[in-house]
Structure formats: structure tokens, C-alpha cells
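For the numbers below, each heavy atom of this structure counts, side chains included, while hydrogens, waters and symmetry mates do not. What you see is a predicted model, and the numbers here were worked out from it, not measured in a lab.
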Amino acid sequence: MSTPKDEQSLDRVARIQAEWARERPDLDVAPQGVIGRLHRVASLLTDELCVVYRRYGLGEGEFDVLAALRRAGDPYERAPGELASYTMVTTGAMTKRLDRLERAGLVARRASEHDGRGRVVALTDAGRSLIDRAFAEHMRNERRLLDALSPAEAARLERLLTAWLARLEQPQPPPT
């Protein structure tokens with residue numbers, strides 16, 4: 001039987017597991033140990049990453065769009081549907097992001113040179129300058145966050161997450 005002192009030493013996930021184990025001893029709550037902590041880590045990491053995005057006047061979605069355009073290489077453009085695929089959002093959500101970025105002068109939309117009916121989205125010079133600065137700081141921030149683990153722990157975690165993701169995620173063909 002746990003004591004109040006024991007419960008104080010438990011993290012949030014362990015306390016939730018202990019409560020469920022008490023209330024539903026018929027269920028195996030062990031999966032919460034991994035899933036709950038992953039969810040909590042993801043939430044905390046997102047909060048830390050968004051601090052950098054906000055310094056550049058960006059939300060997480062806008063950062064993703066600018067980064068996807070920058071990764072495209074010169075001339076730093078992609079079709080809106082391709083951007084939606086790369087950033088894993090609906091085309092409707094992508095339109096809203098592009099509207100905000102275009103109003104800020106960070107992207108420009110124009111007709112495709114290859115498909116008269118198609119459109120492309122391109123980084124402006126201001127957009128490229130902004131994402132280059134923001135991405136450099138983003139990488140420093142990710143390094144800071146990952147440095148909470150030893151290099152061996154980080155490598156082991158990456159291998160585990162890579163294997164698990166490969167089992168959960170359907171392979172996606174590259175966007176055309």
C-alpha cells in the first residue's frame with residue numbers, strides 16, 4: 001500500500017496509473033507509463049519550441065510552411081497541396097496559413113509555370129531571411145532540449161522511436 005510520501009515522489013503519469021490501478025484493478029494500466037509520458041513530453045517540447053517561433057512572429061503552422069518552402073531549395077516554392085502534404089494539414093488549414101504569411105510579406109502565390117490552372121507558393125526574400133534566422137535558433141533550441149539526455153540515451157531513444165513509428169505509420173510516397 002502506498003503512503004502519502006510515496007505518492008508525492010511519483011510523477012503525474014505514475015499518480016494517474018496508481019489511481020486507475022486502485023479504481024480498476026481488473027485493467028492493465030502499464031501502457032499509460034509509456035503513452036502518458038510520451039504525450040506529456042510532446043506537450044512540454046511543443047511549448048518550448050513555440051517560444052522560438054513566437055520570437056519571429058510565427059505560430060507552429062507558419063514555421064512549418066516556411067521551413068517546407070526553404071527545404072524545397074531554389075526557387076523555394078511548392079504547390080499548396082504539396083505544402084499541405086508536407087505539413088500534414090488539410091488544404092483548408094493550409095489556405096489560412098498561406099493567407100497570414102502572404103499578408104506578412106513572407107510568401108507570394110502565383111500561377112504555376114508548368115500548369116496553367118495550378119498555383120505555387122514561393123518564399124519572398126523576407127520570408128527566406130526570416131526562416132533562415134528562425135531555423136538556426138530552432139536548431140539551437142532543439143539541441144538544448146535534447147542535451148537533457150546523454151548522447152547514448154538520445155541515440156537509443158531515436159532508435160526506439162524510429163522503430164515504433166515505422167510500425168505505426170503507413171509509408172507515404174513523396175508528394176508529387
Side-chain angles (χ1 to χ4, degrees), residues 12-13 32 34-149 154 157-176:
R12 289 182 187 190
V13 174
Q32 284 186 319
V34 173
I35 304 297
R37 284 184 182 91
L38 263 178
H39 182 73
R40 183 77 184 125
V41 165
S43 177
L44 292 168
L45 289 176
T46 297
D47 290 347
E48 290 290 325
L49 297 175
C50 286
V51 168
V52 170
Y53 308 150
R54 284 191 298 272
R55 281 189 195 126
Y56 293 89
L58 301 171
E60 189 174 16
E62 288 88 3
F63 179 90
D64 285 348
V65 170
L66 295 177
L69 288 168
R70 181 63 175 92
R71 288 192 318 267
D74 194 19
Y76 312 109
E77 60 185 38
R78 295 186 192 268
E82 188 179 14
L83 281 171
S85 174
Y86 273 103
T87 58
M88 297 179 284
V89 297
T90 66
T91 54
M94 180 55 61
T95 298
K96 289 178 184 179
R97 290 178 183 180
L98 293 175
D99 288 346
R100 286 190 299 266
L101 290 168
E102 190 171 39
R103 279 193 304 273
L106 302 173
V107 301
R109 290 184 262 202
R110 62 172 175 74
S112 170
E113 295 170 4
H114 306 292
D115 175 2
R117 296 172 298 160
R119 308 273 297 157
V120 295
V121 179
L123 276 178
T124 62
D125 289 342
R128 182 174 173 203
S129 175
L130 181 78
I131 193 59
D132 281 349
R133 292 189 322 272
F135 185 71
E137 185 173 346
H138 173 68
M139 285 293 90
R140 288 189 298 272
N141 192 34
E142 283 194 352
R143 170 53 51 207
R144 176 188 66 83
L145 293 166
L146 197 56
D147 281 348
L149 301 174
L157 181 58
E158 184 176 6
R159 284 191 305 274
L160 286 169
L161 291 173
T162 298
W164 193 11
L165 185 60
R167 292 177 185 130
L168 293 173
E169 192 172 60
Q170 294 297 317
Q172 297 294 313
T176 56

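Considering every non-hydrogen atom in both R71 and R78, the closest pair reads C-NH2, 3.8 Å. Closest approach of L98 and P80 over heavy atoms only: CD1-CB, 4.3 Å. Contact record, L83 with A68: CD2-CB, 3.8 Å, taken as the closest heavy-atom pair.
Under the side-chain contact (heavy atoms from CB on, under 4.5 Å) criterion, A126 pairs with L106, T124, not counting sequence neighbours. For E102, the side-chain contact (heavy atoms from CB on, under 4.5 Å) partners at least two apart in sequence or on another chain are V107, R109. Listed by chain and number, the residues in a side-chain contact (heavy atoms from CB on, under 4.5 Å) with R54 are C50, V51 (sequence neighbours excluded). Legend: residues meeting side-chain contact (heavy atoms from CB on, under 4.5 Å) with R167, ordered by chain and number and at least two apart, are A163. In this structure R110 satisfies the side chain to side chain donor-acceptor pair (under 3.5 Å) test together with E77, sequence neighbours excluded. Checked against salt bridge (Lys or Arg N to Asp or Glu O under 4.0 Å), R100 has the following partners two or more places apart in sequence or in another chain: E62.
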Side-chain polar contacts of residues 137-144 - donor-acceptor pairs under 3.5 angstrom, sequence neighbours left out - could you list them?
{"from": "E137", "atom 1": "OE1", "to": "Y56", "atom 2": "OH", "distance (Å)": "2.7"}
{"from": "E137", "atom 1": "OE2", "to": "R55", "atom 2": "NH1", "distance (Å)": "2.1"}
{"from": "H138", "atom 1": "NE2", "to": "E142", "atom 2": "OE2", "distance (Å)": "3.0"}
{"from": "N141", "atom 1": "OD1", "to": "R144", "atom 2": "NE", "distance (Å)": "3.1"}
{"from": "N141", "atom 1": "OD1", "to": "R144", "atom 2": "NH2", "distance (Å)": "2.8"}
{"from": "N141", "atom 1": "ND2", "to": "E48", "atom 2": "O", "distance (Å)": "3.0"}
{"from": "R143", "atom 1": "NH1", "to": "D147", "atom 2": "OD1", "distance (Å)": "3.2"}
{"from": "R144", "atom 1": "NH2", "to": "E48", "atom 2": "OE1", "distance (Å)": "2.7"}

Could you give the side-chain donor-acceptor pairs of residues 90-97 under 3.5 Å, partners two or more places apart or in another chain?
{"from": "T90", "atom 1": "OG1", "to": "A93", "atom 2": "N", "distance (Å)": "3.1"}
{"from": "T95", "atom 1": "OG1", "to": "T91", "atom 2": "O", "distance (Å)": "3.0"}

Please list every donor-acceptor pair under 3.5 Å in which a side-chain atom of residues 127-134 meets a protein atom from a residue at least two apart or in another chain.
{"from": "R128", "atom 1": "NH2", "to": "Y76", "atom 2": "OH", "distance (Å)": "3.3"}
{"from": "S129", "atom 1": "OG", "to": "R133", "atom 2": "NH1", "distance (Å)": "2.7"}
{"from": "D132", "atom 1": "OD1", "to": "R70", "atom 2": "NE", "distance (Å)": "2.7"}
{"from": "R133", "atom 1": "NH1", "to": "S129", "atom 2": "O", "distance (Å)": "3.3"}

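Residue Y86 holds its OH atom at 11.0 Å from CG of L69, rounded to the nearest 0.5 Å. The line from OG1 of T87 to CD of E60 is 11.0 Å long, rounded to the nearest 0.5 Å.
Between L44 and L145, every side-chain heavy-atom pair lies at or beyond the 4.5 Å cut-off. Between V89 and D64, every side-chain heavy-atom pair lies at or beyond the 4.5 Å cut-off.
Around CG of D74, the count of heavy atoms belonging to other residues, nucleotides or ligands within 6.0 Å exceeds 12.
S85 contributes no side-chain N or O that, together with a main-chain N or O of G81, makes up a donor-acceptor pair within less than 3.5 Å.
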